[in-house]
Student: 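I have a structure I would like to understand better, so I am pasting it below and will then ask my questions one at a time.
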There are 2 protein chains.
Amino acid sequence: MYDDGVNHRPEMTLAERKRRLVSDELTESALQLLALRGFDAVTIDEIVATAGVSRRTFFRYFASKEDVVVRFLADMGAGMRADLAERPVGEPPSVALLHAVRVPLATCAAHSERALRVVQLILRTPALLGRFLERQAQWRDDLARELAHRLGLGHESALYPRLAAGTALAAFDATLQRWSDADGAEDPVALLDRAFAVIAPALDSPEGR
Amino acid sequence: MYDDGVNHRPEMTLAERKRRLVSDELTESALQLLALRGFDAVTIDEIVATAGVSRRTFFRYFASKEDVVVRFLADMGAGMRADLAERPVGEPPSVALLHAVRVPLATCAAHSERALRVVQLILRTPALLGRFLERQAQWRDDLARELAHRLGLGHESALYPRLAAGTALAAFDATLQRWSDADGAEDPVALLDRAFAVIAPALDSPEGR
DNA sequence: TACGCGTTGACACTCAGTGCCAGTGAGGGC
DNA sequence: GCCCTCACTGGCACTGAGTGTCAACGCGTA
């Protein structure tokens, strides 16, 4: 989770704060350049020159050029499974999933100045979109596993959990897309609620056993 | 669409047939090697050596190493929008979308010996999955546009068409995943029908205006 | 035969990403 | 104070993906 570099938690050791500093500097430089000139037109050498570290160090913090951008969004979804696990057991899947998916979106809305630019960059850059969806596939698997566990289904590859998780993320994506298209003029959480109003009957369908 | 290299349509010019031959040879060599040893362990130099062409020629046929594998599946979805457009106008979205999405899946089932290996390779290789989902995002946009057109919605970025298209593709993906997990033991078209039985109420929801 | 056109292979080049190693600085034990 | 460990760093060399360029080749046509 990006934290703007100003949040010096005293419980962090010096080494941890140094790492965070470098990571933030790299992220800042990268987003600046990439948003300005587009993903393909910027080389890693330029990013590290701006950040003032070596190229080798870049790859100690990020797995790839795409990773700098995608991490920003992807980290938001990391806790989805935990959020879903914390929902009360009696809650219907549509409500539990909505709350799980709502968290990262609310985080986006809270940091909209920066998050919006990142989302727009990702959505209009095929290479970034691919990496993002690759990450999202992991969220989907996590959600599906947790959902299967909640419903007491054997955790083998049943159809319903994957389908429900995929549907919830389709709502997430549609929301993100619309938020991006509207340049942030609409409230993403409200959009998500509307999307879930549509898909809820599917998520709670008795067909899903 | 892959055609096994034995289908020499007489109406093709010699040059076209030569191109097809090279493309098939490259695809064949690549799938062979990649399925055997994994995506990362095979270099393009090895692929072109097996196929008997130069490295430069490879990139005249495929945009990237991932492309050889992903094309195989991705080409199946190319006609989705056209298939959707051909459905009768009075048909509810759930039925029209089911038929559109069913076509590529039926093609998979028809060439299951080869298609299954490709799908399994894609689903368990993150880089390939990313590229595939990147392509699929284009299907989604195409379906959404066609759906908006069908429903007479202004083709601006309404929420429902994107959501419906994304949900239909979530069903497609869940089906593909289960088909892959079961090593082809289940009929993908039957699985897709079951998935659509679950999501149909969402696709036809009056909430979608 | 000669010309135009598309395909090919070879070469050089940029850039992403990795392995390796030596230097450095902070923190802890003596 | 001194030394030792350990994490981080930069530099370097290397592999592999992907691209631009050009000369050569083969086919169809005038």
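Reminder, nothing fancy here: chain letters follow the sequence lines and each chain counts from 1.
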Student: Nearest heavy-atom pair of B:Ala164 and B:Leu203: which atoms, and what distance?
Tutor: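 Smallest heavy-atom distance, with atoms named: O-CD2, 3.6 Å.
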
Student: Could you tell me how far apart A:Glu16 (CD) and D:dA7 (C1') are, to the nearest whole angstrom?
Tutor: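 From A:Glu16 CD to D:dA7 C1': 12 Å.
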
Student: Quick one: do A:Arg140 and B:Asp173 satisfy salt bridge (Lys or Arg N to Asp or Glu O under 4.0 Å)? Show the steps, please.
Tutor: CA-CA 11 Å; A:Arg140 184 173 48 87; B:Asp173 286 345; 5.7 Å; no

Student: So which heavy atom on B:Phe62 is nearest to which on B:Asp67, and how close?
Tutor: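 Scanning both residues completely, I find the closest heavy atoms to be CA-OD2, 3.6 Å.
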
Student: Once each nucleotide of nucleotides 12-21 of chain D is scored for protein heavy atoms under 4.0 Å, what B/S/- sequence comes out, 5' to 3'?
Tutor: B---SSBBBB

Student: 5' to 3' on DNA chain C, which nucleotides open and close the contacts with chain A (atom under 4.0 Å from a heavy atom)?
Tutor: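 Terminal contacting nucleotides, 5' to 3': C:dC15 to C:dG27.
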
Student: Under the salt bridge (charged side-chain N to carboxylate O under 4.0 Å, His left out) test, which residues partner B:Arg131, sequence neighbours left out?
Tutor: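 In terms of salt bridge (charged side-chain N to carboxylate O under 4.0 Å, His left out), with neighbours along the sequence ignored, B:Arg131 is linked to B:Glu66.
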
Student: For B:Glu86, what residues pass the salt bridge (charged side-chain N to carboxylate O under 4.0 Å, His left out) criterion, not counting sequence neighbours?
Tutor: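 Partners of B:Glu86 under the salt bridge (charged side-chain N to carboxylate O under 4.0 Å, His left out) test: none.
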
Student: Restricting to side-chain contact (heavy atoms from CB on, under 4.5 Å), what partner residues turn up for B:Arg150, sequence neighbours left out?
Tutor: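 Only B:Leu84, B:Arg87, B:Glu91, B:Ala96, B:Glu146, B:Leu147 meet the side-chain contact (heavy atoms from CB on, under 4.5 Å) criterion with B:Arg150.
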
Student: What's the separation between atom CD in A:Glu186 and atom CG in A:Leu191, rounded to the nearest 0.5 Å?
Tutor: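 That separation rounds to 5.0 Å.
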
Student: Atom CG of A:Leu21 and atom C1' of D:dC8: how far apart are they, to the nearest Å?
Tutor: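 Nearest whole value for this atom pair: 14 Å.
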
Student: Should the pair A:Arg55-A:Glu46 be classified as a salt bridge under the 4.0 Å nitrogen-to-oxygen rule?
Tutor: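 A salt bridge is absent here (no side-chain N lies under 4.0 Å from a carboxylate O).
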
Student: With a 4.0 Å heavy-atom cut-off, tell me which residues in residues 46-54 of chain A come close to DNA chain D, sorted by residue number.
Tutor: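 A:Val53, A:Ser54, in order of number.
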
Student: With the threshold set at 4.0 Å, does a side-chain nitrogen-carboxylate oxygen contact exist between A:Arg102 and A:Asp193?
Tutor: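 Salt bridge present between A:Arg102 and A:Asp193.
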
Student: Is it the case that A:Arg19 places NZ or CZ above or below the six-membered ring of A:Tyr61, under 6.0 angstrom from the centre and within 45 degrees of the axis?
Tutor: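 Judged by the rule (NZ or CZ under 6.0 Å from the ring centre, within 45° of its axis), A:Arg19 counts as positioned above A:Tyr61.
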
